[in-house]
Participant: 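Handing you a structure now.
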There are 2 protein chains.
Amino acid sequence: MLTQTGEYALRAMVYMARKPGEGFCGVKEIAASTGVPANYLAKILQQLARSKVLDSQKGFGGGFRLNRPREEITLFDVIDPLERVEKFDQCVLGQRLCNDQVACPLHETWKAIRGQYLGSLHSTTLQDIADFRSKAELLDPKFTAPALSKR
Amino acid sequence: MLTQTGEYALRAMVYMARKPGEGFCGVKEIAASTGVPANYLAKILQQLARSKVLDSQKGFGGGFRLNRPREEITLFDVIDPLERVEKFDQCVLGQRLCNDQVACPLHETWKAIRGQYLGSLHSTTLQDIADFRSKAELLDPKFTAPALSKR
DNA sequence: AGCGAAACGGACCTGATTATCCTATTGTCG
DNA sequence: CGACAATAGGATAATCAGGTCCGTTTCGCT
């Protein structure tokens with residue numbers, strides 16, 4: 001469904017989105033919190049910095065941070081630079097000709113699945129995720145400890 | 001979305017489902033019609049035979065055929081033995097604890113995506129696919145000739 | 001029985017993905 | 001300025017999916 005790399009990227013982005021404040025996060029800090037191999041995570045974050053989703057800062061106190069407000073970064077923005085999403089547009093059965101008029105037997109089924117998937121990635125922002133509270137958190141004040149404000 | 005192996009399997013199964021008659025199909029025949037590498041396809045079909053979706057028959061005139069009526073084989077039955085679908089049940093963000101009560105921030109989003117995907121796989125049968133006719137086929141009698149034949 | 005057609009099974013090759021390590025570069029602070 | 005902290009980036013290793021090859025087994029046919 002998602003490559004390992006994509007999943008790691010998502011974990012890191014969620015971590016940064018939920019962290020209060022504007023400062024840079026070090027790779028080690030993110031790696032420790034998300035359980036992603038630090039060296040590999042560094043590579044992934046470098047890619048995301050190159051694709052303008054993150055800012056990076058070398059030197060003491062440096063690290064990575066979101067390049068834009070949370071609500072302007074979608075899951076798609078995170079996944080897209082790391083996986084070959086274009087493959088989704090190709091016919092599942094490998095037919096050269098497969099569109100809404102001349103379709104392979106799976107065309108409609110697959111179109112629906114793909115549409116739902118991409119739609120979710122496009123419509124879900126890091127803001128949505130940062131705001132998320134599980135049922136347990138909503139019911140039990142203890143869970144509200146790592147408090148965020150806003151909205 | 002789907003591994004190469006899963007896609008190949010789907011192509012072969014669709015071919016067999018759409019082919020009239022009850023006889024065995026040889027690997028070479030299927031490979032030629034679907035564009036899947038013959039040797040690799042053989043491995044895939046062997047796996048499907050082991051997982052009771054296909055019957056196989058050695059020797060002259062042998063090959064593979066569906067083990068059950070078309071309408072009793074779902075896309076899930078085809079994909080499941082070949083990919084690690086269990087991975088879908090694990091939390092995308094790698095949290096040890098992630099369920100409807102105590103959830104990770106992506107739990108609901110991912111649950112919806114996964115549900116749509118698995119739902120389609122479970123509810124679509126080879127019968128549905130075999131019956132499928134594209135708009136062009138329905139409108140233009142030329143297309144109603146058995147579209148899949150080569151050799 | 002003997003031959004050829006076909007699946008079966010194991011060994012092996014290959015390239016992409018995942019992961020690690022080392023050095024260079026860049027920034028902060030004393 | 002010099003020491004240190006942190007990313008950048010290149011080289012390399014490990015793992016795995018995808019793919020090939022070949023010998024064996026099993027069957028149908030003559």
Participant: Identify, between P37(A) and F64(B), the residue whose nearest nucleotide on DNA chain C lies closer to the 5' end.
Facilitator: F64(B)
Participant: Any donor-acceptor pair under 3.5 Å linking the side-chain atoms of T5(B) with those of Y40(B)?
Facilitator: yes
Participant: Can you pull the ring pair (Phe, Tyr, Trp, His ring centres under 6.0 Å) pairs that have at least one residue in residues 52-83 of chain B, sequence neighbours excluded?
Facilitator: F76(B)-H122(B)
Participant: For DNA chain D, note the earliest and the latest nucleotide, 5' to 3', having some atom under 4.0 Å of a heavy atom belonging to chain A.
Facilitator: dA5(D) to dA11(D)
Participant: Can you tell me the distance, in whole Å, between the CZ atom of R65(B) and the P atom of dA7(C)?
Facilitator: 14 Å
Participant: Report yes if some heavy atom in the side chain of M13(B) is under 4.5 Å from a heavy atom in the side chain of D77(B); otherwise report no.
Facilitator: no
Participant: Between P on dG10(C) and CG on N39(B), what's the gap in Å once rounded to a whole number?
Facilitator: 16 Å
Participant: Any chance you could list the contact pattern along nucleotides 25-30 of chain C? Use B for base contacts, S for sugar-phosphate-only contacts and - for none, protein heavy atoms under 4.0 Å, 5' to 3'.
Facilitator: BBBS--
Participant: Mind calculating the distance between CD (Q46(A)) and P (dT20(C)) to the nearest angstrom?
Facilitator: 15 Å
Participant: Quantified as the angle between the terminal helix axes (five pairs each), what is the overall bend of the helix from dA1(C)-dT30(D) to dG30(C)-dC1(D) to 10 degrees?
Facilitator: 10°
Participant: When the distance from NZ of K43(A) to C1' of dC22(C) is rounded to whole Å, what number comes out?
Facilitator: 10 Å
Participant: Find the distance Q47(A):CD to dA16(C):C1' and express it as a whole number of Å.
Facilitator: 14 Å
Participant: Do R11(B) side-chain atoms and L93(A) backbone N/O form a donor-acceptor pair below 3.5 Å?
Facilitator: yes
Participant: May I ask you to say whether K111(A) pairs ionically with D100(A), meaning some side-chain N is under 4.0 Å from a carboxylate O?
Facilitator: yes
Participant: Residues in ring-ring contact (aromatic ring centres under 6.0 Å, His included) with F132(B), at least two apart?
Facilitator: none
Participant: Rounded to whole Å, how long is the line connecting atom CG of L41(A) with atom P of dC21(C)?
Facilitator: 16 Å
Participant: Return the value, rounded to whole Å, for the distance between atom CG of L82(A) and atom C1' of dA16(C).
Facilitator: 15 Å
Participant: Treating T124(A) as the side-chain partner and L121(A) as the backbone partner, does any N or O pair qualify as donor plus acceptor under 3.5 Å?
Facilitator: no
Participant: Residues from residues 3-13 of chain A sitting under 4.0 Å of DNA chain D, heavy atoms only?
Facilitator: none
Participant: Send over the distance from D55(B) CG to dC8(C) P, rounded to a whole Å.
Facilitator: 10 Å
Participant: Please classify the nucleic acid contact of K28(A) as base, sugar-phosphate, or nothing, using heavy-atom distances under 4.0 Å.
Facilitator: nothing
Participant: Would you find a donor on one side and an acceptor on the other, under 3.5 Å apart, between the side chain of S33(A) and the backbone of I30(A)?
Facilitator: no
Participant: Side chains of K19(B) and E29(B): does their closest heavy-atom pair fall under 4.5 Å?
Facilitator: yes
Participant: From the options D131(B), D128(B), I129(B), select the one residue that forms a side-chain contact (heavy atoms from CB on, under 4.5 Å) with P105(A).
Facilitator: I129(B)
